Amino acid sequence: MNIFRFAGDMTHLISILILLLKIYATKSCAGISLKTQELYALVFLTRYLDLFTDYVSLYNTVMKIVFIASSLAIVWCMRRHPLVRRSYDKDLDTFRHQYVVLACFVLALILNEKFTIQEVFWAFSIYLEAVAILPQLVLLQRSGNVDNLTGQYVLFLGAYRGLYIINWIYRYFTEDHFTRWIACVSGLVQTALYADFFYYYYLSWKTNTKLKLPA
């Protein structure tokens, strides 16, 4: 594992910790899309089907468990926690994510590295992760104002994928037969979706004003 992948994993972990901090410290999930969190839970559950069959390293196993457990905990809090769920605004979180899931699954059946159950679901998870942030971005555009913790959560989530792109470039030039083209292309698409958010986050930081996304 190279430093870029490790930095990407840590950035991803920080984004999750920020979101958990927001939910548990404020007992609020205002500004957070439940649909995006459900998509991420599905991403990790389908990507890590090999959790109990293929052992790579202790680090790899621990990270898989952390991502699965944290994503399910966030979904549970937003759906079941008596205080947190009251702050969820379903009227703003109206993105039809079921169509995204269906489209990604069909694409995974067509474009995969090997037509096996595990590889098809791995491809599905990669495609789904590329667009899982869409409900969140749509919700933030509709709500207008973005609080600090939510903004930092999205920022670190986007930075994680950017670092993974650098990781793939590094691996392409340093490893023989590196062929994860599905992850590379999907990662580029995912990072591009954050471009608008990054721009307005930078403007907010530069002018020291509250982050707002155009409707």
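Please read all numbers here as calculations on a predicted model, not as lab measurements. The basis for the numbers below is simple: all heavy atoms, side chains too, and nothing from hydrogens, waters or symmetry mates. Note that the numbering runs from 1 along the sequence shown for the chain.
- Residues Asn60 and Tyr55 have side chains not in contact (no heavy-atom distance under 4.5 Å, counting atoms from C-beta outward).
- Rounding to the nearest 0.5 Å gives a distance of 11.0 Å between CD of Glu38 and CG of Leu72.
- Residue Thr94 holds its OG1 atom at 10.0 Å from CG of Asp89, rounded to the nearest 0.5 Å.
- Taking 4.5 Å as the limit, every side-chain heavy atom of Ile165 sits out of range of all side-chain heavy atoms of Phe4.
- Residue pairs meeting the ring pair (Phe, Tyr, Trp, His ring centres under 6.0 Å) criterion with at least one partner in residues 124-157, sequence neighbours excluded, are Phe105-Phe124.
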Before giving the answer on side chain to side chain contact (heavy atoms under 4.5 Å, CB included), spell out for Phe115 and Glu119 the whole-Å C-alpha distance, their side-chain angles and the decisive distance to 0.1 Å. CA-CA 6 Å; Phe115 196 73; Glu119 285 298 319; over 6 Å; no

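- Between Ser33 and Gln136, the shortest heavy-atom distance links the atoms N-OE1, 2.9 Å.
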Yes or no on side chain to side chain contact (heavy atoms under 4.5 Å, CB included) for Ile74 and Ser71, after CA distance, side-chain angles and deciding distance? CA-CA 5 Å; Ile74 292 168; Ser71 62; 5.7 Å; no

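- A donor-acceptor distance shorter than 3.5 angstrom exists from the side chain of Lys35 to the backbone of Phe95, with no hydrogens or angles considered.
- Nearest heavy-atom pair across Val75 and Ala41 is CG2-CB, 4.3 Å.
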Residues 203-215, side-chain donor-acceptor partners within the protein, below 3.5 Å, at least two apart:
{"residue": "Ser204", "atom": "OG", "partner": "Thr209", "partner atom": "O", "Å": "2.4"}
{"residue": "Ser204", "atom": "OG", "partner": "Leu211", "partner atom": "N", "Å": "3.4"}
{"residue": "Thr207", "atom": "OG1", "partner": "Leu203", "partner atom": "O", "Å": "2.7"}
{"residue": "Thr207", "atom": "OG1", "partner": "Thr209", "partner atom": "OG1", "Å": "2.8"}

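- Clustering ILVMFWY residues whenever any of their side-chain heavy atoms sit less than 4.5 angstrom apart, transitively, puts Val43 in a cluster other than the one holding Leu107.
- Trp181 is connected to Ile126 through a chain of hydrophobic side-chain contacts under 4.5 Å among Ile, Leu, Val, Met, Phe, Trp and Tyr, so both are in one cluster.
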Could you list the donor-acceptor pairs under 3.5 angstrom formed by side chains in residues 14-25, with sequence neighbours left out?
{"residue": "Ser15", "atom": "OG", "partner": "His12", "partner atom": "O", "Å": "2.6"}
{"residue": "Lys22", "atom": "NZ", "partner": "Ala30", "partner atom": "O", "Å": "3.0"}
{"residue": "Lys22", "atom": "NZ", "partner": "Asp147", "partner atom": "OD2", "Å": "3.1"}

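- Using a 4.5 Å cut-off between side-chain heavy atoms of Ile, Leu, Val, Met, Phe, Trp and Tyr, with links allowed through other members, Trp122 and Leu109 fall into different hydrophobic clusters.
- Residues Thr191 and Gly162 come closest through the heavy atom pair OG1-N, 4.1 Å.
- We find the CG-NE2 distance between Leu102 and His97 to be 12.5 Å, quoted to the nearest 0.5 Å.
- Counting heavy atoms from C-beta on, the side chains of Ile68 and Tyr48 come closer than 4.5 Å.
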Pair Val154-Tyr201, side chain to side chain contact (heavy atoms under 4.5 Å, CB included): steps then yes or no: CA-CA 10 Å; Val154 177; Tyr201 191 95; over 6 Å; no

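- Between the side chain of Ser186 and the backbone N or O of Ala183, no donor-acceptor pair lies under 3.5 Å.
- Follow the hydrophobic side-chain contacts under 4.5 Å out from Leu45 and you reach Ile117 in the same cluster.
- Considering only residues two or more places apart in sequence or on other chains, Phe198 meets the ring pair (Phe, Tyr, Trp, His ring centres under 6.0 Å) condition with Tyr194.
- Atom CG of Leu83 sits about 10.5 Å away from atom OG1 of Thr26, to the nearest 0.5 Å.
- Contact detail for Phe44 and Phe67: the closest heavy-atom pair is CD1-O, 3.5 Å.
- Legend: side-chain hydrogen bond (donor to acceptor under 3.5 Å, both in side chains) pairs involving residues 156-168, not counting sequence neighbours, sorted by first then second residue: Asn2-Asn167, Arg5-Tyr164, Asp9-Tyr164, Glu129-Tyr160, Glu129-Arg161, Arg161-Gln190.
- Annotation: side chain of Asp54 is in contact with side chain of Gln118 (closest heavy-atom distance under 4.5 Å).
- In this structure, the side chains of Arg79 and Arg85 stay at 4.5 Å or more apart for every pair of heavy atoms.
- Considering all non-hydrogen atoms of both residues, Ala123 and Leu111 come closest at CB-O, 3.9 Å.
- Residues Thr36 and Ala132 come closest through the heavy atom pair OG1-O, 2.8 Å.
- Remark: Ser57 OG to Met63 CE distance equals 10.5 Å, nearest 0.5 Å.
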With side chain to side chain contact (heavy atoms under 4.5 Å, CB included) as the test, would you mind laying out the steps for Lys64 and Asp50 before giving the verdict? CA-CA 10 Å; Lys64 289 177 180 179; Asp50 63 346; 3.1 Å; yes

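- Residue Leu163 holds its CG atom at 10.0 Å from CD1 of Ile3, rounded to the nearest 0.5 Å.
- Of the possible polar contacts, one joining the Ser87 side chain to the Val84 backbone as a donor-acceptor pair under 3.5 Å is found.
- A distance-only check finds no donor-acceptor pair linking the side chain of Thr150 to the backbone of Gly31 [under 3.5 Å].
- Between Tyr88 and Lys90, the closest side-chain pair of non-hydrogen atoms falls below 4.5 Å.
- Val189 and Tyr172 end up in different hydrophobic clusters when Ile, Leu, Val, Met, Phe, Trp and Tyr side chains are linked at under 4.5 Å.
- Scanning for ring pair (Phe, Tyr, Trp, His ring centres under 6.0 Å) contacts around Tyr59 gives an empty result, with sequence neighbours left out.
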